[in-house]
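Residue indices begin at 1 and follow the sequence shown.
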Amino acid sequence: MRVVQYVFRRGAVYWWRRRLLKKTGERELTPVAISLRTPDLSKARTIAAHLAVASDGILRQEGREVLSPVQVRSMLESVARAHLAKLDRLAILETADGIAADDGRASDRVMGWARRLQASQGISARVGPAERGILTTNGLTEEEIEEVDWTLDLLRKSSRGSFPRQKLIALLEDCGAPQGQGDIQQAERIYYRGQAAALLSVNRRWSGEYREDDKLVEQLLSTNESASIALVTARKVAPEHPTSGAKEAVTVATPRDDNPIALVSAHQEASITELAEKLINEKAKLGEWNSKTQRQVRSLVATFVEMIGDDHVRSLAQSRVAEYRSLLLALPRTYGKGQNDRNIPLAVWLERAKGLPDNKVGRESGTLNRHLTQLQEVLVYIEACGHKIPEFSGVSKLLSKKKGRARDERNPFSPEDLAAIFRQPPWMGCQGLENRLVSGPMIYHDALSIVPYLARYTLGRREELCGLDVEDVLEEDGIPYIFIRPNEHRTLKNPQSKRKIPLIGEVARLGFLRYRAEIKALGYKLLFPELRAASDRTPLGDVFYGDWIKVQDAAVPRAAEERKVFHSFRKAGGADLKHAGVVSELRADILGHGGENITEERYASTAKLHQMLEALQKLPIVTGGIETREICLRRDILKRSARPSARPRRQTKRAEGS
């Protein structure tokens, strides 16, 4: 197994091996293997470095240049093509998030010139007087020049003077170039040149100058015209009353490649991103992936491609999947949550992670497994399209193994916890909307005061309750209920999550039905309209969580240590129903779970509303101390004010540099 370039372990010691010399009459270089005579990896690395330098000199004495012009062009094209694809995706996402074209153009221009200066001066590049003059000549403002200098400083500190070596080696291997130290250094400069070229093509992304589209249309028009001429010619020579043989002649005379789509596809490269996007579109059309899953897959593919450094299926291998897992465990947990995160190289994120505590780095078990299984779906699809992935065996051996029973992952709220929660100011009285946790005379009816007791008495999930529509609160046979079903605000976890849950009398006493009537009278569709964030991509439950966690921290200070979260309402309710003797099938229907076996799942009908109501009425009442009040809506809801945006500025220099 190779652990250092040209080094492998054989038995107890390390060896150095490289194609170095030619035998008489042979055109290819022959491997030379030398025992390093040490079992110590650090010593082997030191010796190998000296051997690599010496062997580079031998190769150059043999008349080999560092890199040929053809190899340089191949590397430039590969890097630029991959980076252009990445930047196109980012521009689409940022435009959807409201980023102005001027901001996007300026940001790309700054990073482009930073990379161009690195290509000429290396990782230690700085903006001096000469560089400042060049940047000014090329139209950069004083502020943008300062941004270039700051960006170079950030890149220099984060990379510690080096570029990911394995990515450069892979780039050299792809174009058949040697991998000596000089070759790697030259490849690093070429990599920066390719990135700079892609970044500085700002008019393509932000002003719509897609020259390739114009060429494509010209090609299609030319192809269609040729096909039409051929078809007309064939029809002219056909007899007025053709025989079967004559029909075959007409068919043969018609060009078989007159389909523009087929012509374009024949010239397309096998791009990982394009194949993944094709899979996403097909899954969306079949209704198998909702918008959230589609975004997740796009995001992980973008990260995976950036890690590889090449958006082509030829770079795929089982080892890449393992590398992706290691990358997820090394990145900060916040990576990917910011709209501009992907503008910062992975190397910068990995450097940041080194200064973070362990609980802020890496993906949690469930998130890690989701990334890997979604990546597997993409790779399986790529293989199904006819592209072989070397040694691909899936992700089963890379998945995180859960420790203990699933029921122990989160603990239920205790009766004391529930009592403490509903004694907090949002239910007893607060000072105002800005001071919900400070005692006072005001009681507001909104998501913060309603969703927690709905979770207690319906056992609904956080996103299910936060995403309710006004029309999801209904009545049947005199029983009020909430209808948990997919809507335009959110989907559901699985098919069995779609269900009707009756409302017990305590929910009505607390004012829920009166609240719903007033929200409907104001013309709202969403039951808790204050949860709609500035970005449609922000889950309603996440907006609610920002206020809820303050209440939970105040009422249950040791919640994190005791593994208690909002989901603990469901855990507590499920346990209460079990202790009250409610059968498992009925509990499953209330909770939105599938049956434990085929009899329960396939051959048992959903419980009736009155059956579920009888079961839910066995829940201990924990809100008896809350007084019934007149409905008091929030000022922003009455004024129909939009929620203020929490979106950060695209330029993050000050925040990151301070």
Side-chain angles (χ1 to χ4, degrees), residues 1-3 166-167 170 270-284 286-290 292-333 335-336 346 350 353 358-359 361-410 491-497 563 593-598 601:
M1 174 181 177
R2 278 175 48 176
V3 291
Q166 291 304 317
K167 184 178 289 188
S271 161
I272 300 172
T273 303
E274 291 175 2
L275 288 169
E277 189 63 32
K278 183 180 177 184
L279 170 63
I280 292 169
N281 292 335
E282 291 176 0
K283 290 283 191 179
L286 293 170
E288 297 179 15
W289 283 356
N290 57 34
K292 180 179 179 180
T293 303
Q294 294 169 41
R295 289 196 302 270
Q296 288 173 344
V297 174
R298 285 193 182 96
S299 176
L300 76 86
V301 169
T303 303
F304 184 67
V305 168
E306 183 180 359
M307 179 197 75
I308 294 175
D310 186 11
D311 189 19
H312 198 286
V313 294
R314 63 169 171 258
S315 300
L316 293 175
Q318 179 66 31
S319 60
R320 298 296 196 184
V321 183
E323 291 172 11
Y324 180 66
R325 180 182 188 271
S326 300
L327 176 67
L328 293 177
L329 294 174
L331 286 169
R333 289 193 178 178
Y335 173 75
L346 286 175
L350 292 171
D358 290 343
N359 63 346
V361 178
R363 296 298 186 264
E364 293 183 349
S365 175
T367 306
L368 175 69
N369 289 348
R370 172 177 60 77
H371 274 273
L372 292 175
T373 52
Q374 288 177 342
L375 177 61
Q376 177 175 256
E377 286 205 64
V378 173
L379 298 180
V380 168
Y381 179 81
I382 289 175
E383 280 210 323
C385 290
H387 304 285
K388 181 65 177 175
I389 301 176
E391 301 179 355
F392 181 59
S393 59
V395 302
S396 59
K397 296 180 180 179
L398 299 173
L399 295 177
S400 172
K401 303 298 188 294
K402 293 185 178 181
K403 298 179 180 179
R405 302 179 67 180
R407 66 170 56 175
D408 298 327
E409 291 180 10
R410 300 187 185 105
T491 56
L492 299 181
K493 184 176 182 180
N494 45 46
Q496 58 265 30
S497 295
R563 300 196 303 277
H593 292 163
E596 294 295 327
N597 51 55
I598 190 171
E601 179 65 18

Enquirer: Walk me through whether Glu377 and Trp289 qualify under side-chain contact (heavy atoms from CB on, under 4.5 Å).
Expert: CA-CA 12 Å; Glu377 286 205 64; Trp289 283 356; 3.6 Å; yes

Enquirer: Between Asp311 and Phe304, is there a side-chain heavy-atom distance shorter than 4.5 Å?
Expert: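 Phe304 does not reach Asp311 side chain to side chain.
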
Enquirer: Any side-chain heavy atom of Leu346 sitting closer than 4.5 Å to one from Tyr335?
Expert: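 When only atoms from C-beta onward are counted, Tyr335 and Leu346 do touch, with a gap below 4.5 Å.
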
Enquirer: Starting at CG of Leu327, measure out to NE2 of His371 and round the result to the nearest 0.5 Å.
Expert: 10.0 Å

Enquirer: Has the side chain of Gln376 got a donor or acceptor atom that lies under 3.5 Å from a matching backbone atom of Val395?
Expert: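 Yes; at least one donor-acceptor contact below 3.5 Å.
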
Enquirer: Got a second to check how far Ser396's OG is from Asn369's CG, nearest 0.5 Å?
Expert: 11.0 Å

Enquirer: Could you tell me if the side chain of Val305 sits less than 4.5 Å from the side chain of Ile308, heavy atoms only?
Expert: no

Enquirer: Would a 4.5 Å heavy-atom cut-off, applied to side chains only, mark Leu372 and Leu399 as touching?
Expert: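 In contact.
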
Enquirer: Determine whether His312 and Ile272 make a side-chain contact, defined as any pair of heavy atoms from C-beta on separated by less than 4.5 Å.
Expert: no

Enquirer: Just how far is it from atom CE of Met307 to atom CG of Leu300, taken to the nearest 0.5 Å?
Expert: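 Between Met307 CE and Leu300 CG, I get 11.0 Å after rounding to 0.5 Å.
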
Enquirer: When you look at CD of Glu282, are more than 12 heavy atoms from neighbouring residues, nucleotides or ligands closer to it than 6.0 Å?
Expert: yes

Enquirer: Are Val301 and Glu277 packed together at the side-chain level, in the sense that at least one heavy-atom pair is separated by less than 4.5 angstrom?
Expert: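 No, every pair of side-chain atoms sits at 4.5 Å or beyond.
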
Enquirer: Main chain of Pro390, side chain of Gln318: is a donor-acceptor contact present, judged purely on distance under 3.5 Å?
Expert: no

Enquirer: How about Leu331 and Val361: do any of their side-chain heavy atoms sit closer than 4.5 Å?
Expert: no

Enquirer: Taking C-beta and beyond as the side chain, do His387 and Glu383 meet within less than 4.5 Å on heavy atoms?
Expert: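 A side-chain contact under 4.5 Å is absent here.
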
Enquirer: CZ of Arg363 to OG of Ser400: how many Å apart, nearest 0.5 Å?
Expert: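 Output value for this atom pair is 14.0 Å.
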
Enquirer: Measure the spacing between CG of Leu328 and CZ of Arg333 and express it to the nearest 0.5 Å.
Expert: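 If we round to the nearest 0.5 Å, Leu328:CG and Arg333:CZ are 12.0 Å apart.
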
